[in-house]
Structure formats: structure tokens, C-alpha cells
Amino acid sequence: MFKIKDVVIDPPFVLAPVAGHTDSVFRRAVKDLGGCGLVVSELASTEGMTRGQGRTDHITRFAEGERPVAIQIFGADPARMAESAAMVEAMGADIVDINCGCPVKKVVRQGGGSRLLRDLPLLERIFRAVRGAIRIPLTVKIRSGWDHDSINALEVLRLAEDCGVDALAIHGRTRSDFFSGKADWGVIAEVKTRARIPVMGNGDVFTPEDAARMLRETGVDGVMMGRGVLSNPWLIRQCRDYMASGKAGTVSLRERMEFMSAFLGRVCAEVPPPVALGKIKKVGGYLSKGLPGGSRLRGEMHAARTTAEFFEALEGHFAALEGAGGLDQPFAPATPAEQGGHPDADEVEDDHRGRPPE
Ligand SMILES: Cc1cc2nc3c(=O)[nH]c(=O)nc-3n(C[C@H](O)[C@H](O)[C@H](O)COP(=O)(O)O)c2cc1C
């Protein structure tokens with residue numbers, strides 16, 4: 001375990017913010033599976049938050065069972081960032097997190113996300129304004145730099161510490177990498193070596209062995225996982241079990257299918273109908289990666305015109321697997337390639353659709 005100021009993160013495994021995926025329903029599902037010490041919301045636009053009309057309510061809402069929960073905000077205007085952080089504190093969140101890593105055009109064009117890595121004077125004003133507006137812990141999530149000629153994670157760390165930021169999460173890629181290549185854990189280790197505040201390492205943890213290796217090779221206080229959890233929601237629990245006993249534990253196909261049905265049903269119950277179908281297609285697509293007949297199932301789910309048709313396809317697939325006598329075999333998590341190790345720019349832009357700009 002580790003602490004972010006007075007907030008205990010135990011176990012030291014963190015669900016990363018993933019726009020379009022890690023909403024309250026998904027975060028609760030992951031928490032319920034066990035092993036998750038901290039969840040972080042999807043990025044919320046501080047322009048949207050401070051201009052009112054409840055446009056970001058679906059992003060900033062959380063349930064008690066998620067605690068400790070960090071709400072992530074993005075933007076480039078220190079006053080709006082501070083006002084939004086105060087709103088997050090008033091909502092009762094445990095931590096405010098500033099997004100300094102998002103590479104998507106819509107965010108960067110407004111000066112926010114990873115663009116802040118190129119403007120440290122502005123970043124300093126944001127840190128100081130937000131720090132001055134809240135009492136709860138403040139964290140920041142960064143990439144290693146804007147591009148390979150301007151890797152400045154250590155400078156950003158120093159600035160964050162000087163401004164009273166309480167912890168830092170670092171994804172070991174630059175903005176120009178987007179999601180290509182492999183995350184550079186060397187820069188994560190370097191940041192950890194120099195840091196006086198806790199550091200969470202992030203990037204390319206797809207298995208419990210990866211998490212153990214990141215802890216060992218970088219010395220980070222916590223491991224943050226994103227894409228790996230989208231297709232294997234048990235990943236964080238498996239990391240905890242692996243660290244405790246050397247065994248990650250298996251998940252049967254039956255558990256997997258039951259989780260999918262229950263979780264996607266909850267999405268439909270909680271997400272407004274106009275967006276529910278698109279949402280379950282997207283998250284169902286990730287959850288079906290690596291399943292026997294997964295690509296056929298994805299085709300059927302994708303073709304569904306209503307949520308009823310979607311669930312018919314899902315149930316039909318379960319019945320076929322059951323008929324083949326295969327539901328109680330252990331489920332082998334999707335390989336990193338199957339998990340969509342490198343989403344392309346369009347896919348990520350699409351996951352941010354409807355958020356910025358306001
Ligand atoms: C579709 C998508 C959406 C993302 N949205 C966010 C976000 O809202 N805020 C954020 O800080 N990072 C976001 N990220 C980055 C992840 O939090 C994480 O840093 C990145 O995926 C690397 O970790 P991983 O290899 O465990 O996935 C997003 C990544 C993806 C693929």
C-alpha cells in the first residue's frame with residue numbers, strides 16, 4: 001500500500017482513467033471484483049464544468065463504493081481549473097487529478113492535456129491555482145514529454161512538488177508516440193528515483209507478471225492500468241493475488257460470460273437509452289476479446305439495432321458455448337495484441353467524442 005497525503009491506496013493497483021470506458025458503472029464493477037486501491041474518472045472538461053448545464057455530470061458522478069476515487073479534470077485556464085477542482089471537492093471526491101497527458105487533438109488544441117507539458121509557466125499557474133482552491137489531495141497524470149526531443153518528466157515532477165501536488169502518475173510515452181511502440185519504463189524509474197511524492201507507473205501492464213515487473217524494475221509506489229482492464233476486468237485482482245501468493249488465479253468462461261451479461265445490463269440501466277446501445281457495443285467489443293468465437297460475437301453485437309438484439313446475440317453465444325460444454329474451462333485473458341495494444345488516433349478521438357470542446 002501507499003498513501004497520497006492521508007488517502008490510503010491499498011492494494012497499490014490503480015484503475016487508469018479511460019475516456020468512454022471507465023465511467024462509474026465500470027469502476028464499480030472493477031472495485032467489486034477486488035484488488036483495486038484507487039479509481040480515476042474519465043477526463044472532465046473544466047470549460048464544461050464551469051459553464052454549467054450539467055454537461056459533465058455523467059463524468060464526475062461516482063458512488064460511495066468506489067472510494068477512494070479521484071476525479072480527473074482537464075483544461076488550460078487556471079481560474080476554471082481551480083473552480084472545477086473546488087466543485088470536485090464539494091462533491092465529496094477523495095482526490096483531484098489534473099490531466100497532463102491526453103494526446104487527442106480536441107484537448108491539445110485548447111491547450112490542455114499533454115499540451116501543458118510544453119508550457120510549464122502555464123502549468124505552474126494551474127498547479128498553484130488548483131492547489132489554492134482545494135484541501136483534498138491533488139495529483140497529476142503526465143506523459144514523459146511532448147516528443148522525444150523534449151522529454152521533461154523530471155522538470156514536471158519538480159514543478160509539481162514545488163507547487164504542492166501530492167502524487168504523480170506517469171505514462172511512459174510521449175505525446176508524439178500516441179500509443180505506438182512500447183512504454184518506456186526507464187523514464188518512470190528515473191522519475192521515481194528523484195521523487196519525494198508517491199509515483200504511479202503506467203503503460204503496457206497487461207498481465208500480473210507485467211505489474212510485478214514494473215514494481216521491481218521501476219520501484220514505483222503504485223501501478224496504474226488502463227487498456228488491460230478493459231478486456232480483462234479481473235486484471236487488477238489478479239495482480240493483487242499474484243503479488244500476495246505468486247498465483248494470479250483463473251477466471252472461467254462462465255464467470256466471464258456472467259460478468260458480461262450483468263455488467264452490460266447495468267450499463268443499459270444507468271446510461272440514457274440514446275447512448276446505451278453504442279456504449280455496450282464498444283465495451284462489449286473489448287470484453288469479448290479472446291473469447292472463443294469472439295470475432296463472430298463482435299460482428300453480431302455490432303450489427304444489433306436495439307439493445308434487445310444485442311443481448312439476444314450475447315445470450316445466443318453463451319448458449320452455443322455451453323452447448324459445446326466449454327463454459328467451465330479457465331478463460332485465458334486476451335493477449336496484448338488482442339487487447340488492442342495500440343489503439344489508433346481515430347479510435348481514441350472517438351472515445352473522447354462529445355466531451356471537449358464544450
Ligand atoms: C481510449 C482511451 C481513452 C483514454 N482516456 C484517458 C483519460 O480520459 N485521461 C487520462 O489521463 N488518460 C486517458 N487515457 C490513457 C490511459 O489512462 C493510460 O495512460 C494509457 O492507456 C496507457 O496505459 P495502459 O497501457 O495501461 O492502457 C486513455 C487511453 C485510451 C486508450
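When a ligand or atom number is given, it counts from 1 through the structure's own listing order.
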Would you say Phe179 touches ligand 1, if touching means a heavy atom closer than 4.0 Å?
yes
Could you tell me whether Arg67 and Asp94 have a side-chain N and a carboxylate O separated by less than 4.0 Å?
yes
Could you check whether Asp23 pairs with Lys279 (Lys NZ or Arg NE/NH1/NH2 to Asp/Glu carboxylate O, under 4.0 Å)?
yes
For ligand 1, note which part of Asn99 has a heavy atom under 4.0 Å away: side chain, backbone, both or neither.
side chain
Is the closest N or O pair between Val205 and ligand 1 shorter than 3.5 Å?
no
Cationic N near anionic O, under 4.0 Å, Asp221 to Lys3:
no
With Arg27 as reference, evaluate His21, Glu66, Glu42 under the side chain to side chain donor-acceptor pair (under 3.5 Å) test and give the passing residue.
Glu66
Quick one: does ligand 1 sit under 4.0 Å from the side chain of Gln72, the backbone, both or neither, non-hydrogen atoms only?
side chain
Determine the interplanar angle of the Phe26 and Phe263 rings, folded into 0 to 90°, and report it as parallel if under 30°, tilted if 30 to 60°, perpendicular if over 60°.
perpendicular
Report the part of Lys141 in contact with ligand 1, treating N, CA, C, O as backbone and CB onward as side chain, heavy atoms under 4.0 Å; options are side chain, backbone, both, neither.
side chain
Main chain of Gly186, side chain of Asp184: is a donor-acceptor contact present, judged purely on distance under 3.5 Å?
yes
Under 4.0 Å from any heavy atom of Ala16, which atoms of ligand 1 are there?
17 (O)
Which atoms of ligand 1 are found less than 4.0 Å from any heavy atom of Met225?
26 (O)
Ligand 1 atoms in contact with Asp204 (distance to a heavy atom under 4.0 Å):
24 (P), 25 (O)
Please determine whether a side-chain nitrogen of the Lys or Arg among Glu47 and Arg51 lies less than 4.0 Å from a carboxylate oxygen of the Asp or Glu.
yes
With no hydrogens and no angle check, is any side-chain donor or acceptor of Asn99 less than 3.5 Å from a backbone partner on Ile73?
no
Quick check on Gly203 - does any of its heavy atoms sit under 4.0 Å from an atom of ligand 1?
yes
Using a strict cut-off of 4.0 Å, indicate which atoms of ligand 1 neighbour a heavy atom of Val18.
1 (C), 2 (C), 3 (C), 4 (C), 5 (N), 6 (C), 30 (C)
Which of these, Pro17, Gly226, Ser114, has its nearest heavy atom closest to atom 14 (N) of ligand 1?
Pro17
Report the part of Leu43 (side chain from C-beta onward, or backbone N, CA, C, O) that has a heavy atom under 4.0 Å from ligand 1; answer both or neither where that applies.
both
